[in-house]
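The structure under discussion appears below in the form of structure tokens.
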Protein chains: 2
Amino acid sequence: MESALSSHHDKGQALLYLTDEQLRQGIEAMFFAYRGFTADPDLILEQFSYGRAHHRALHFIKGAPGTTVNNLLNILGVTKQSLNRVLRSLIEDGLVESHIGKKDRRKRHLFLTSEGIKLEQKLSNAQRLRMRSAFRTAGPEAVAGFRTVLEAMMDPKMRITYTNMRDSGG
Amino acid sequence: MESALSSHHDKGQALLYLTDEQLRQGIEAMFFAYRGFTADPDLILEQFSYGRAHHRALHFIKGAPGTTVNNLLNILGVTKQSLNRVLRSLIEDGLVESHIGKKDRRKRHLFLTSEGIKLEQKLSNAQRLRMRSAFRTAGPEAVAGFRTVLEAMMDPKMRITYTNMRDSGG
DNA sequence: AAGTTTATGTCAGCCTTGTTGACATTCCAA
DNA sequence: TTGGAATGTCAACAAGGCTGACATAAACTT
């Protein structure tokens with residue numbers, strides 16, 4: 001275990017944000033912030049008897065219309081069986097449409113219906129509202145730092161994916 | 001819906017980080033980063049047949065030895081039945097001890113055993129490793145911004161709680 | 001062309017961890 | 001002594017992870 005105030009050399013003050021205590025606070029900040037982050041959409045989802053999994057599917061289909069199930073699987077990091085259950089209910093409820101691929105007929109291309117777009121907007125508006133408020137409070141430099149740390153924290157594979165999600169294809 | 005490039009006045013560039021696109025990226029960054037954040041402990045937990053719920057309990061008991069069940073409930077934001085199940089298994093497995101309060105014998109004060117400390121350290125070391133690496137990569141200013149935005153994003157009640165978790169009591 | 005392999009999607013069933021509701025116990029306080 | 005608060009237990013249920021088995025389509029091999 002490293003000591004709380006990095007002792008060996010005297011980089012103490014300069015690297016204060018790397019002490020175990022600072023890291024612990026970062027960890028707890030992530031935990032509590034993530035709860036805030038999901039709280040507002042969760043309330044809406046409840047009214048529709050949906051869960052976060054449905055929200056995630058809607059979110060990423062919206063961002064990449066025509067995406068395939070497999071691509072969604074890679075993004076979401078769940079099993080196809082798990083995603084399928086969610087997707088099926090969204091399709092049954094008329095929020096998502098699944099079209100068989102023309103080039104490769106094994107593939108299903110996913111789109112939001114107008115109903116799906118409506119719910120997705122409701123959810124993302126709620127989520128953006130909190131994020132916008134947090135961003136406004138924190139200011140642009142803090143936002144830049146926020147983004148930088150989050151990018152460094154995520155799986156490198158996802159780092160490429162997450163701003164660049166348009167793979168539409170057909 | 002607000003337009004993507006806030007149109008009405010000309011604050012465009014100055015508030016670019018508040019566009020819907022920037023907010024969407026913030027949202028996705030949170031999603032992917034949180035997954036990275038939990039990935040390493042999850043691997044360890046699996047070996048012990050525990051889940052994240054166990055990790056959270058261990059984490060907060062470690063941070064506030066002697067905390068009561070009720071206090072933990074408030075921090076974790078789950079039902080007592082849900083927490084109880086997790087706590088029971090941790091107690092049965094000898095990682096947590098529950099002591100009846102002396103002042104108020106209704107209360108149970110929770111402590112990690114040496115076994116519990118061992119697992120908690122294993123988990124938090126793994127989690128800190130990634131966080132430290134992210135902090136180091138991003139640099140101190142980014143870390144400050146990260147903290148600022150997360151604090152603005154969490155429930156205000158938690159803002160007070162999360163750096164100041166020592167309520168030990170006895 | 002026929003058979004095999006690979007990619008994809010579906011169905012069934014299990015597990016964790018969240019939820020409610022009902023209820024016992026134990027204790028503090030009025 | 002009665003009421004309320006804190007804790008714990010039992011039962012039942014739901015969401016959303018998981019694995020295994022399997023169907024179909026496409027691609028590859030022979």
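Note that this is a predicted model, so its numbers are computed, not measured. Labels below follow one simple rule: chain letters A, B, ... track the order of the sequence lines, proteins then strands, and each chain is numbered from 1.
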Legend entry - Closest-nucleotide 5' rank along DNA chain D - winner of A:Lys80 and B:Leu110: B:Leu110
Inset, instruction - Hey, which sits more toward the 5' end of DNA chain D by its nearest nucleotide, A:Ser49 or B:Asn70? - result: B:Asn70
Legend entry - Which nucleotide in D:dG8, C:dC28, C:dT10 has an atom nearest any side-chain atom of A:Asn84: C:dT10
Inset, instruction - Please tell me which of the listed nucleotides, D:dT7, C:dG13, D:dG20, lies nearest to the side chain of A:Gln81? - result: D:dG20
Would you please confirm or rule out a distance under 4.0 Å between OP1 or OP2 of [N] and any side-chain N or O of [X]?
| X | N | result |
| --- | --- | --- |
| B:Ser82 | C:dT17 | no |
| A:His54 | D:dA15 | no |
| B:Arg105 | C:dC27 | yes |
| A:Arg35 | C:dG18 | no |

Legend entry - Test: B:Arg106 and B:Asp104 ion pair at under 4.0 Å: yes
Legend entry - salt_bridge(A:Asp20, B:Arg128) N-O dist < 4.0 Å: yes
Within the structure shown, what part of the strands sits under 4.0 Å from [X] by heavy-atom distance: base, sugar-phosphate, or nothing?
| X | value |
| --- | --- |
| A:Lys107 | sugar-phosphate |
| A:Arg85 | base |
| A:Arg108 | sugar-phosphate |

Taking atom [atom2] of [N] as reference, at what distance in whole Å does atom [atom1] of [X] sit?
| X | N | atom1 | atom2 | value |
| --- | --- | --- | --- | --- |
| B:Asp104 | C:dT26 | CG | C1' | 10 Å |
| B:Arg106 | D:dA6 | CZ | C1' | 5 Å |
| B:Asp42 | D:dG16 | CG | P | 18 Å |
| B:Arg88 | D:dA11 | CZ | P | 11 Å |
| B:Tyr34 | D:dG17 | OH | C1' | 15 Å |
| A:His99 | C:dG9 | NE2 | P | 14 Å |
| B:Ile91 | D:dT9 | CD1 | P | 8 Å |
| B:Leu87 | D:dG8 | CG | P | 7 Å |

Legend entry - Heavy-atom neighbours of A:Glu141 CD exceed 12 at 6.0 Å: no
Inset, instruction - Flag yes if A:Ile61 and A:Ile91 sit in one hydrophobic cluster, no otherwise; membership is Ile, Leu, Val, Met, Phe, Trp, Tyr, and two members link when side-chain heavy atoms are under 4.5 Å apart. - result: yes
Inset, instruction - Describe, in one word, how the ring planes of B:Tyr34 and A:Tyr34 are oriented to each other, choosing from parallel (under 30°), tilted (30 to 60°) and perpendicular (over 60°). - result: parallel
